[in-house]
Amino acid sequence: MSEHPLQKIIEPFKLVSTRALVDGVVAFSALSRLREELSGVSPEVDVAHVELAFQRDPQGYVLASGSIRADGGVVCQRCLDIVPISLDVPVSWAFIVNEETSCDVPRAYDVIALEEESVSLYDLVEDELILALPPIPMHAEGQCSAPGYVSPNEEQIERSEEKKNPFEVLSEIRKKR
Ligand SMILES: [Zn+2]
């Protein structure tokens with residue numbers, strides 16, 4: 001995987017005309033909104049790897065497709081320790097210049113409405129990463145150091161075990177007859 005820096009500003013309509021491949025890495029330290037959301041274990045080594053292919057689809061839409069991968073850490077909402085996370089976000093962007101046409105774009109694509117020819121690729125990458133973060137990050141079962149931790153799932157299972165299986169009840173009734 002390439003380790004050169006990702007270009008910051010792109011011109012999607014030019015990139016599709018040459019069917020360009022855009023790849024590189026962007027450090028989390030350059031993504032301030034993401035940095036607020038994340039608490040990296042070692043922020044200076046946290047980077048996102050971006051690989052995008054620009055091309056027009058048969059209908060003429062200006063597309064960028066590929067992936068954004070990143071490793072980092074988020075704060076567990078129960079024990080406040082770091083939970084390592086590994087994100088692999090598929091990208092399928094359709095660039096448009098006029099927002100009025102956005103409803104025509106096939107649903108498989110995420111519409112990126114441009115106000116001008118160029119756009120910050122860092123912003124687009126950052127948006128995708130923030131959306132991919134777990135809404136309430138928590139350690140997995142058995143790995144959380146918060147005391148007395150019972151996950152909502154466990155509670156549900158216990159509750160449903162308390163209720164008797166209707167078939168059991170039925171067979172008990174039958175035995176009594
Ligand atoms: Zn935890």
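Remember, predicted model here, so these are calculated numbers, not experimental data. One is the number of the first residue; the rest follow in order along the sequence. Ligands are counted one by one from 1 in listed order, and the atoms in each one are counted from 1 as well.
Sequence neighbours left out, the pairs with a member in residues 112-125 that pass salt bridge (Lys or Arg N to Asp or Glu O under 4.0 Å) are R33-D123.
Taking all atoms of both residues into account, the shortest heavy-atom contact from V125 to W93 is N-CH2, 4.3 Å.
Legend: residues meeting side-chain hydrogen bond (donor to acceptor under 3.5 Å, both in side chains) with Q77, ordered by chain and number and at least two apart, are absent. Residues satisfying the salt bridge (Lys or Arg N to Asp or Glu O under 4.0 Å) test with K8, not counting sequence neighbours, are none.
Take a cut-off of 2.8 Å around the Zn ion (ligand 1): the protein N, O or S atoms inside it are C76 SG, C79 SG, H139 ND1, C144 SG.
Defined by atom type and a distance below 3.5 Å, a donor-acceptor pair is present between the side-chain atoms of H4 and D23.
No donor-acceptor pair closer than 3.5 Å links the side chain of Y61 to the backbone N or O of I96.
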